[in-house]
There are 2 protein chains.
Amino acid sequence: MEKQEALAALVALGHETRLDIFRLLMQAGPKGLAAGQIGERLALPPATLSFHLSQLKHADLVTFRRESRSLIYSAAYPVMNALLAYMTENCCQGAAASCEAAAPSTCQPEERHETPARARVRG
Amino acid sequence: MEKQEALAALVALGHETRLDIFRLLMQAGPKGLAAGQIGERLALPPATLSFHLSQLKHADLVTFRRESRSLIYSAAYPVMNALLAYMTENCCQGAAASCEAAAPSTCQPEERHETPARARVRG
DNA sequence: TCCATATTTCTAATATGATGGAAATATTGA
DNA sequence: TCAATATTTCCATCATATTAGAAATATGGA
């Protein structure tokens, strides 16, 4: 993931309404939720909801599909995964020992620390 | 981690300059960097740098200590870890199977998926 | 085709965040 | 105490994001 992509995702998630929307979609799982359902649950006026969904779309944090009259939104898990991976990269460069002490779970300067699951994301 | 803490961290990281600062500090490791060093490397005027460091401080993403005339800033790894943990919580609630398919590395609805390192962060 | 539903786009008002020069504060060494 | 260094705070300006009503668009059912 490039810096600008990560930045776009962080900007998008750095707003309470959008964080709420995104978490709702994370919880909803791959099946997603119709825009109307989201607006209802979060008590958002249509225009406001649409604005925030648009921001999340531009950040590639959500995808959507049409199902009859409804647009079904779902969280873009791969992008979320890539963001998490990005945020743990380049940590404590050149000082693995002290870094391990400071941040055992996020800082993984050596490949051997990678879990198979995490490694899969980066490819 | 509470929602408001996570939100504050995301707001703080959702700005290019602050993301640059934070990544620089992540790379620098626990030894940290003096404010002046940061400003020099990122070509930021003192007032601008100080403003952004202040934002990062309020989000608890950085800590600082005085060393002679310099203020040494370093990344707050535990808060970063907590943020990563927060973002993977409550994923695909009640539908573990489909969630695993959608997000194998971040979505961990069952405790057994926790790594010891990640679990340590949440306590 | 016509109407109801679902959602987006347009628009203008409002609020908030960012910038950086200049002055103020804190620390140290002489 | 005084000067030099390091950083912050103050302040005014500028830029950008957010809000939500109203109108426009898209879809499907009768």
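Note that the structure is a prediction, hence the values are computed from the model and not measured. Residue numbers begin at 1 in each chain, while the letters A, B, ... track the order of the sequences.
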Point to revise | Phosphate OP1/OP2 of C:dA6: any A:Gln37 side-chain N/O under 4.0 Å | key: no
Study note, to complete from the structure: Per nearest nucleotide of DNA chain D, the residue lying toward the 5' end, A:Glu67 or B:Ile72, is B:Ile72
Review point. Which comes earlier along DNA chain C counting from the 5' end, the contact point of A:Gly36 or that of B:Ser68, where each point is its nearest nucleotide?
Key: A:Gly36
Check your understanding: Taking CZ from B:Arg69 and P from C:dG29, how many angstroms apart are they, rounded to a whole number?
Key -> 7 Å
Check your understanding: What is the distance, rounded to the nearest whole Å, between atom CG of A:Leu71 and atom P of D:dT25?
Key -> 16 Å
Check your understanding: With sugar-phosphate meaning primed atoms plus P, OP1 and OP2, does A:Pro46 contact a base, only sugar-phosphate, or nothing at under 4.0 Å between heavy atoms?
Key -> base
Check your understanding: Expressed in angstrom and rounded to an integer, what is the separation of B:Leu7 atom CG from D:dT18 atom P?
Key -> 12 Å
Check your understanding: Taking OP1 and OP2 of C:dA18, is either one under 4.0 Å from a side-chain nitrogen or oxygen of B:His52?
Key -> no
Check your understanding: Taking CZ from A:Arg65 and C1' from D:dA26, how many angstroms apart are they, rounded to a whole number?
Key -> 18 Å
Review point. Side-chain N or O of B:His15 less than 4.0 angstrom from OP1 or OP2 on C:dG17?
Key: no
Review point. In terms of heavy-atom contacts, does CD of B:Gln4 have more than 12 from other residues, nucleotides or ligands at under 6.0 Å?
Key: yes
Exercise for review: Nearest whole angstrom, please: distance from the P of C:dG17 to the CD of A:Glu16.
Suggested key: 13 Å
Point to revise | Closest non-hydrogen atom pair, B:Ala12 against B:Ala59 | key: CB-CB, 3.7 Å
Review point. Hey, does A:Ser50 reach any base, or is it just sugar-phosphate, or nothing, if we go heavy atoms under 4.0 Å?
Key: base
Study note, to complete from the structure: Nearest heavy-atom approach of B:Lys31 to B:Ile72 is O-CG2, 3.4 Å
Exercise for review: Please name the pair of heavy atoms, one in B:Leu13 and one in B:Leu19, separated by the smallest distance, quoted to 0.1 Å.
Suggested key: O-CB, 3.7 Å
Review point. Is B:Tyr73 touching bases, backbone alone, or none of the nucleic acid, heavy atoms closer than 4.0 Å?
Key: sugar-phosphate
Practice item. State plainly whether the residues A:Lys3 and A:Glu5 are in salt-bridge range, i.e. N to O under 4.0 Å. Key: no
Exercise for review: For A:Ala47, answer base if it contacts any base atom (sugar-phosphate contacts may also be present), sugar-phosphate if it contacts only those atoms, and nothing otherwise; contact means non-hydrogen atoms under 4.0 Å.
Suggested key: base
Exercise for review: Calculate the interatomic distance between A:Arg66 atom CZ and C:dT7 atom P; express it in whole Å.
Suggested key: 8 Å
Point to revise | Atom-pair distance (CG on A:Leu44; P on C:dA6), nearest Å | key: 17 Å
Exercise for review: Remember a base hit wins even if backbone is also touched, and classify B:Thr48 as base, sugar-phosphate or nothing at under 4.0 Å, heavy atoms.
Suggested key: base
Review point. Roughly, in whole Å, what's the span from NZ in A:Lys57 to C1' in C:dT9?
Key: 11 Å
